[in-house]
Structures are given as C-alpha cells and as structure tokens.
Protein chains: 2
Amino acid sequence: MAKRSYNQYCSVARALDVVGDRWTLLLIRELMIGPRRYTDLIDGLPGIGTNHLASRLRRLVAADVIRRRALPPPAASTVYELTRSGRGLEPVIIGLAHWGVDQLGAPDAELAWRPDWTVVALRGRFDATAARGVDEAYQFVIDGQPFWARVRNGELDTGLGHVDAPAVAVTASRASFLAVAAGEVQPEQALAAGDYRIDGDPEALGRAAAIFPNSTDPPEKRP
Amino acid sequence: MAKRSYNQYCSVARALDVVGDRWTLLLIRELMIGPRRYTDLIDGLPGIGTNHLASRLRRLVAADVIRRRALPPPAASTVYELTRSGRGLEPVIIGLAHWGVDQLGAPDAELAWRPDWTVVALRGRFDATAARGVDEAYQFVIDGQPFWARVRNGELDTGLGHVDAPAVAVTASRASFLAVAAGEVQPEQALAAGDYRIDGDPEALGRAAAIFPNSTDPPEKRP
DNA sequence: CGGAATCCTCTTCGATACTG
DNA sequence: CAGTATCGAAGAGGATTCCG
C-alpha cells in the first residue's frame, strides 16, 4: 500500500509523485472545470477503473490537492473540488493543453469528447491583454450542456450552467461545434447549416474572439 | 505493442498520451538540462528499468519530442536531445517544479540528488524582469559537477560544464549547497564553514539573487 | 564500455460485478 | 449514488546477458 515514489530530491519528481500517476492529471482537469460528483468523474474519465478513481481521490484528499464536500440537503450529495493547492496545478494543465494542441489532429468520432472540456480550452486560450477593460459574459450550450466564461478586471471566471445576461450565447451540436473549433468549417457555413447558432451583440463576439484566440502559441517565450 | 491511450479528443489527454507515462516527464527534465547519453539518463533516473528507458526513448523519437544524434568522431557516442517540440514542454516541467516546491520538504539523504537538477530549478526561478539589462554569466560547481547560467537580453541560457568569464562562481559540496538552498543554513554560516565558496563580483551576486529569487510563487496569477 | 534486448517477479490497470 | 471486491492482462522494476 506504500505509494510508489521516484525518491528524488527534486521538485519536479516530488510533484509527479503526487500527481504523476495515470489518470491523475486528467482528474485534476475535470475538477478545474468545476466541483464534480464521483459519477461525474467516472463520466469524464471514460475507461478509468472505479477502484482506481477511488484510490486516487483518497490520495489527493490526503495530499490536500482536492477536498470532499457535502452539498446542502436538497442536493444531498458530495462533490470533490480543488483546494487552493490543487488550483496551483492549473499552469501545468494549461501547459499540457497548449503543447497537446499539436498532437490533437482532426475531430474523431472514435474519441471521447465532453462539451465541458471546452472550459479548459477556454482557460488555456485566455489572453489577459485582450481582456483588459472588458466586463461581460459568454454563454455556451453545446450538445445541450451549458457552460460559461465571464471576463472582468482582466480576469477570467468560468463555470458550468447558465450565466446572467451573457453578451453572446453560442448554441451548437457537438459535430458542428468541433468542426468550427478545428477550423474544418467556417462559422458562416455552420450558421447557415442550422445546428450552430450565435445570439447577442456582434461586437461582443469580436471581443470574445480576441480574448480567446483560436491558435496562438502559449504566451511563454519560443525556443 | 499498441500504445495505451486515453482516447479523448482533448489536448491535455493527447499530451499525456505522449508524455504521461511513468518516467517520461522526468526524462524530459533530464534533457532540458542538456543533451544526454543513454547511460547519463540511467544515472539521472535511478530506478528506471533499462528496457523502459529504451522503449520510452524510441517512442519519444517517433513522436518528434526528442532526437538521437551522433557526436563527432573523437567522442564517438550518441546523445539524445530535445527537438523544438520537446523544448515546448518546458512550461510543463517548470509548472511542475513550481508546484512541487511545496511538496519538497527538507533535504533527505535517502533521496537521490544530482547537482545538474539545479539547472532546472534555476530555469524555473528565472525572473525575466529582474534580468533586464543584465549581461553576465554565473558558474556553479557542486560536488565537482560544473554547470552555468548566462543572462543576456533578458533571456536565460544554461548548460553543463564551464562558461567563459563568469561574474560569479559558486563552489560547494552537496550538503552545504542543499542546506543553503533549502534555507536551513545562512550563506554566511556556510561560507564560514568552508565547503561553500563564492568567487567574483559581490554586486553581480546581488543581481543573481534577484534574477533567481529563492521562493516566490510562479509569475502566473494566484487563485 | 555504451546501448540495448531478455527474463522473471511484482504491482498496477481496466473491466465488471457487487454492496451500503 | 458512491464506492469495494475481484480477476485477467499489461506495465514496472530489477538483474542479467548480449552485441558493437
């Protein structure tokens, strides 16, 4: 039962001792999207053994990366969420997200895809400079799954569900949303085809496009 | 022989399909320090099975993350080094290094430690703002292992071996270097004790301390 | 000696079945 | 809904051997 360790006095190795196991960083990704129930996690991590999920959750709680929280009575359920320490892993996830774009390829029906994952992509693409002075929210409903992004004071907030008074709302099917996101289809075509809809202020749409640029390299320096 | 995959259309999952296996990110860390021979890698990754190292190297070459290069005749050996794509993983490694600092604890003789790993720590602590206008090099020789950092045009370059005309040179034993780095011993004490030596310009030492701050949070936003 | 392939034991993974 | 229990298959970790 003793945890396997790299046994190195190196902060990279120590970090990987805690979050380097298979599935663990994807589990962090899931919780970056928002608090999740056990079954939500199973759903967002197709293929994980339930025993492994349970043991990883236990370990991450022990390491103060995530926390177990009971929802108030009407909901009567428990959720897992990132602690402050766990939120500190966001740069790692974002770093992987940037790097992984090149490995992504074209949308493939064989691969699992959840609308929520778009939240992570949005957080990765967020351009704080372009967001300066903007104060508005954007609503998405993809495949019936609602999520949103709000920009205020140059900062980004995201969540699942519906947001008040969005400046723009995008409603789309999985296929059309992915086709547009991957650049396979022009937004105009998708709009004409019908299962892709944009409501709201056209100018706000332009701002959103600048704040979440489609394919730039990470803001870090280039080699 | 088919590679295990998460089978998700998500750039984080795709990235982890390539570099998420056990040992792989530590292998990238090793190559961030500089080009390495097979046996150097074995040495920097104590505990890795030679078969696993070989198979990971093969896969990473295939994925264009690293490259195999033959050294010119006198050396008559081959080294592995990061490709441009592989260097793109530096933000991930640095992100893990920042996060792992909290998990690091006190130096422990039970844990493996290599002087070279300090190069990664230096790269993680580099403060580009403090480096503005500085053009000088710093030499380290820890436990007999030489490595250096050079700051120029607000950018950082690092490497193994000796650098020309360093502004500061730090020479120390493993124990005293770690004790000072971990904040257990004040530099003055270590200097007095004798197995820690600093040569060069005291003002440059002050600049180096500002450029590689000892324990700040990552420059990313805080939660 | 550097760069692996082989063998063998042990742990972890993945899938399913089962329980409070 | 939130987990345990179980079990075959795959990967990890050593040691040793092989090849140039």
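Residue numbers start from 1 in every chain, and the chains themselves are labelled A, B, ... in the order their sequence lines are given, proteins ahead of strands. Treat the numbers as computed from the prediction; the structure is a model and nothing was measured.
- For B:R56 and D:dA12, the shortest distance from a side-chain N or O to OP1 or OP2 is below 4.0 Å.
- With respect to A:F140, the side-chain contact (heavy atoms from CB on, under 4.5 Å) criterion is satisfied by exactly one of A:V119, A:L122, A:T118: A:L122.
- In this model, the phosphate group of D:dG3 is approached by a side-chain N or O of A:Y80 to a distance below 4.0 Å at OP1 or OP2.
- DNA chain D is contacted by both A:T39 and B:N51; A:T39 maps to the nucleotide lying nearer its 5′ end (nearest heavy atom per residue).
- Of the side-chain N and O atoms in A:T78, none sit less than 4.0 angstrom from OP1 or OP2 of D:dC1.
- Relative ring orientation between A:W113 and A:F177 is described as tilted, the plane-to-plane angle lying within the 30° to 60° band.
- Between the base of C:dA15 and the side chain of A:T50 there is no donor-acceptor pair shorter than 3.5 Å.
- For DNA chain C, the neighbouring residues in residues 12-36 of chain A, judged by any heavy atom under 4.0 Å, are A:R22, A:W23.
- Geometric assessment of A:R68 against the ring of A:Y38 yields a negative cation-pi assignment under the 6.0 Å and 45° thresholds.
- A sub-4.0 Å separation between OP1 or OP2 of C:dA4 and a side-chain N or O of B:R68 is present.
- Residues A:L57 and B:P46 both approach DNA chain D. Their nearest nucleotides, taken by heavy-atom distance, put A:L57 toward the 5′ side.
- For C:dG14, one of the phosphate oxygens OP1 or OP2 lies less than 4.0 angstrom from a side-chain nitrogen or oxygen of B:R4.
- Listed pair B:R58 / C:dA5 meets the phosphate criterion, a side-chain N or O lying under 4.0 Å from OP1 or OP2.
- Donor-acceptor pairing under 3.5 Å, judged by distance alone, is absent between the side chain of B:H52 and the base of D:dG11.
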